[in-house]
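Written out below as structure tokens is the structure these notes cover.
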2 protein chains.
Amino acid sequence: MKRRNITIKDLARILNISVSTVSRALRDTYDVNQETRQKVVNLANELNYKPNFNATGLAKGSTHNLGIVLPFITNYYFSTVITGIQEVAYNSGYNITLYVTNDSHQRELQILEDLTISNLDGLLICASSDSNSSEYFENIISDGVPIVFFDRVIDTIDTSKVMQDDYNGAFEAVEHLIERGYTKIAHIAGPKGLTFTEKRLNGYKEALIKNNLPITEEWIIHSEFSQESGEKDMDWLLQQNNMPDAIFAVNDRKAIGAMQSLKKHKIIIGKDIGIIGFTNDPMSSIITPGLTTIAEPAYEIGKLSCELLIKHITKTYFHAEEKILPGKLIIRESTIRS
Amino acid sequence: MKRRNITIKDLARILNISVSTVSRALRDTYDVNQETRQKVVNLANELNYKPNFNATGLAKGSTHNLGIVLPFITNYYFSTVITGIQEVAYNSGYNITLYVTNDSHQRELQILEDLTISNLDGLLICASSDSNSSEYFENIISDGVPIVFFDRVIDTIDTSKVMQDDYNGAFEAVEHLIERGYTKIAHIAGPKGLTFTEKRLNGYKEALIKNNLPITEEWIIHSEFSQESGEKDMDWLLQQNNMPDAIFAVNDRKAIGAMQSLKKHKIIIGKDIGIIGFTNDPMSSIITPGLTTIAEPAYEIGKLSCELLIKHITKTYFHAEEKILPGKLIIRESTIRS
DNA sequence: ATGAAAGCGCTAACAG
DNA sequence: CTGTTAGCGCTTTCAT
């Protein structure tokens, strides 16, 4: 119950030098005698000295904590992004602390309000669907805490952003459907107002236009990201007079929902209606038939976001960068017509 | 870039009282005048005062940080546990920081060594498969930092533990197979040496014994937790002379791997070989046929673990508790014989 | 190259 | 009920 850790004071006392020298030695500043430095470092190792982050943080005005704010962690994409972040954070000596918004902007706001910025060196953020926290983000940044956005970025804020190539991914997805001979392509989209939803929608539209296919507004459905939404959307589409022969879903979960609907209605996936998703969730290789999809580089997005954030923290003049990582078409059975 | 936050000093100066009074007012200790308290609290709100955790931590020798150490976060079970933890941590004013071991005991050790305990009020741990960090865990606890284990617990350590009911879940799973008329039941188990693997194995064996079925040692296969392992194990079983007619897999991922193998070999799941998993990963409802499984209360395990940990932190004398949460049989098509 | 001393923001005796 | 003071462990002038 003592919880008494070794401090630089202890080291100083034992070596008969001052704490400031110990401090300098440990941080390897320019003005320490290499000999004393060695002695200090050796003793520190021997005694298993660990710096107290609270003290360092208090003195230097910086912790070694990065915050992550995101809607969920219980899905393939987000948990993989976090793993990527964790990897580089860990290797650079940063801790990460997690804030889950449940995709609610109220919760997001609350978290941001409660956020004791004095605890954080920087923030990685994937905004909630209906985020209206721009002002907070701005404040945080102007308070000197850098933010890097990933996936669901806020356009109006000038800071680094990392995303998959939503536009081209969508474009490629739809062109794949067209190549396979589908011509009546619907889009089960995400909620309105989200940048990446828009980008995927634009990619979809442009691919149609480029291939001289009409854009049919009833075939563009906006709803939540869940599997249930995908299922409902498909149910609805199947009741229309003018039925599509293929679906481009904004993500795999919705594509899978749509597939469930199709199965329920005994419609043969691929042959009757082709379907393509976005993410490459492991589920897409497990469902039958396999779901063709655009693979997102989730792990790399996590790593890159964190690398950028650390640069923002450590370099005084590091300019905001926007990184767009390419996706990759993964062809499975859901887009086979025959 | 200033990053100058309001401090209690500011509040004190403005209100013309001492910092200690402000401090007391903010913490609502017993001996403050309600009137002054109100004034302080009002001003604090107005000025959007946020306490500096580093300072509090330094002064009190406690942070508001909980560490989570676990093998992975990229699967349903773990990400759901974390969500549960996050929920109660957030509501109790604790932050969580994440350490991912990749299920490697080296990494686990390294994390534990690097862990600046001065940063953490407590630790939630799910040990790596081949963990040999007992000594470290003991040290951490005797340094005054409480640990709660979940899922993969270390038996020899005396502290609170939270797990699903592995034994009874396995027992129920196997009895379900027997009820459905399967008699030659194999067990695709997890790695040896893990408590919960043993418990599920025991549940399996006892169910066989209770139903007067022989225990066939070749039908008990130990391997990693991955889908690939499940597939390989099934491949192997299918080559034996003495083939089982049902499989109890230690988790859904392995069950799904086994199903892939079965499909590859054109064996009809349910009819030819029944299969049951453990977890209730959403994948099990998406794969065809649906996978019968034992649902684990992952979210509750997360919540409960965190609640216990907070009790250990806040109550001086809180005795270690072991909680076992029941699972639930979810019947799908993979155990339908006809 | 090293030491003394002040201070980061907060808490906790101790006096009154 | 409130103020004074010392101190948590570390960094950082400023001297020497």
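By convention in this document, chain letters (A, B, ...) are assigned in the order of the sequence lines, proteins followed by strands, and residues within each chain are numbered from 1.
Using modelled atom types, one side-chain atom of B:Thr159 and one backbone atom of B:Ile147 make a donor-acceptor pair closer than 3.5 Å.
Atom NZ of B:Lys9 is separated from atom P of D:dT4 by 14 Å (rounded to the nearest Å). Rounded to whole Å, the distance from CZ on B:Phe53 to C1' on D:dC8 is 17 Å. Spacing between atom CD1 of A:Ile6 and atom C1' of D:dC8 amounts to 17 Å, rounded to whole angstrom units. At whole-Å resolution of the value, CD1 in A:Ile17 and C1' in C:dG3 are 10 Å apart. Spacing between atom CD1 of A:Ile8 and atom P of D:dT11 amounts to 6 Å, rounded to whole angstrom units. When the P atom of C:dT2 is taken as reference, atom CG of A:Asp28 falls 13 Å away, rounded to whole Å. Look at CG on A:Leu15: it is 14 Å from C1' on C:dT2, rounded to the nearest Å. Taking atom CG of residue B:Asn16 and atom P of nucleotide D:dT4, one finds them 11 Å apart after rounding to whole Å.
Ranking D:dC1, D:dC10, C:dT2 by closeness to the B:Asn33 side chain, first place goes to D:dC1. Side-chain atoms of A:Asn52 lie closest to D:dG9 of the nucleotides C:dC10, D:dC8, D:dG9.
The bend of the helix from C:dA1-D:dT16 to C:dG16-D:dC1, defined by the angle between the axes of its first five and last five pairs, stands at 40° to the nearest 10°.
Listed by chain and residue number, A:Arg24, A:Arg27, A:Asp31, A:Val32 satisfy the side-chain contact (heavy atoms from CB on, under 4.5 Å) test with A:Thr29 (two or more places apart in sequence, or in another chain). Residues passing the ring pair (Phe, Tyr, Trp, His ring centres under 6.0 Å) test with A:Phe318 are A:His312, sequence neighbours excluded.
With the nearest nucleotide of DNA chain C identified for both A:Thr21 and A:Leu58, A:Thr21 has the one nearer the 5' end. Each of B:Val22 and B:Ala55 has a nearest nucleotide on DNA chain D; the 5'-most of these lies closest to B:Val22.
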Grab the N/O contacts between the protein and nucleotides 12-16 of chain C below 3.5 Å, and write none if there aren't any.
unit_1, atom_1, unit_2, atom_2, d
C:dA12, OP2, B:Arg27, NH1, 2.9

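Residues in residues 59-83 of chain B take part in these ring-ring contact (aromatic ring centres under 6.0 Å, His included) pairs, two or more places apart or across chains: B:His64-B:Tyr94. For the ring-ring contact (aromatic ring centres under 6.0 Å, His included) condition, the pairs that include at least one residue of residues 121-153 of chain A, sequence neighbours left out, are A:Phe137-A:Phe149.
For CG of A:Asn132, the number of neighbouring non-hydrogen atoms (other residues, nucleotides, ligands) closer than 6.0 Å is greater than 12.
Distances shown here put a side-chain N or O of B:Ser18 below 4.0 Å from the OP1 or OP2 atom of D:dG3. One finds a side-chain N or O of B:Thr36 lying less than 4.0 angstrom from the OP1 or OP2 phosphate oxygen of D:dT2.
Defined by atom type and a distance below 3.5 Å, a donor-acceptor pair is present between the side-chain atoms of A:Arg37 and A:Gln34. A donor-acceptor contact closer than 3.5 angstrom links the side chains of A:Thr195 and A:Asp155.
Between A:Ser129 and A:Leu194, the closest heavy-atom pair is O-CD1, 3.0 Å.
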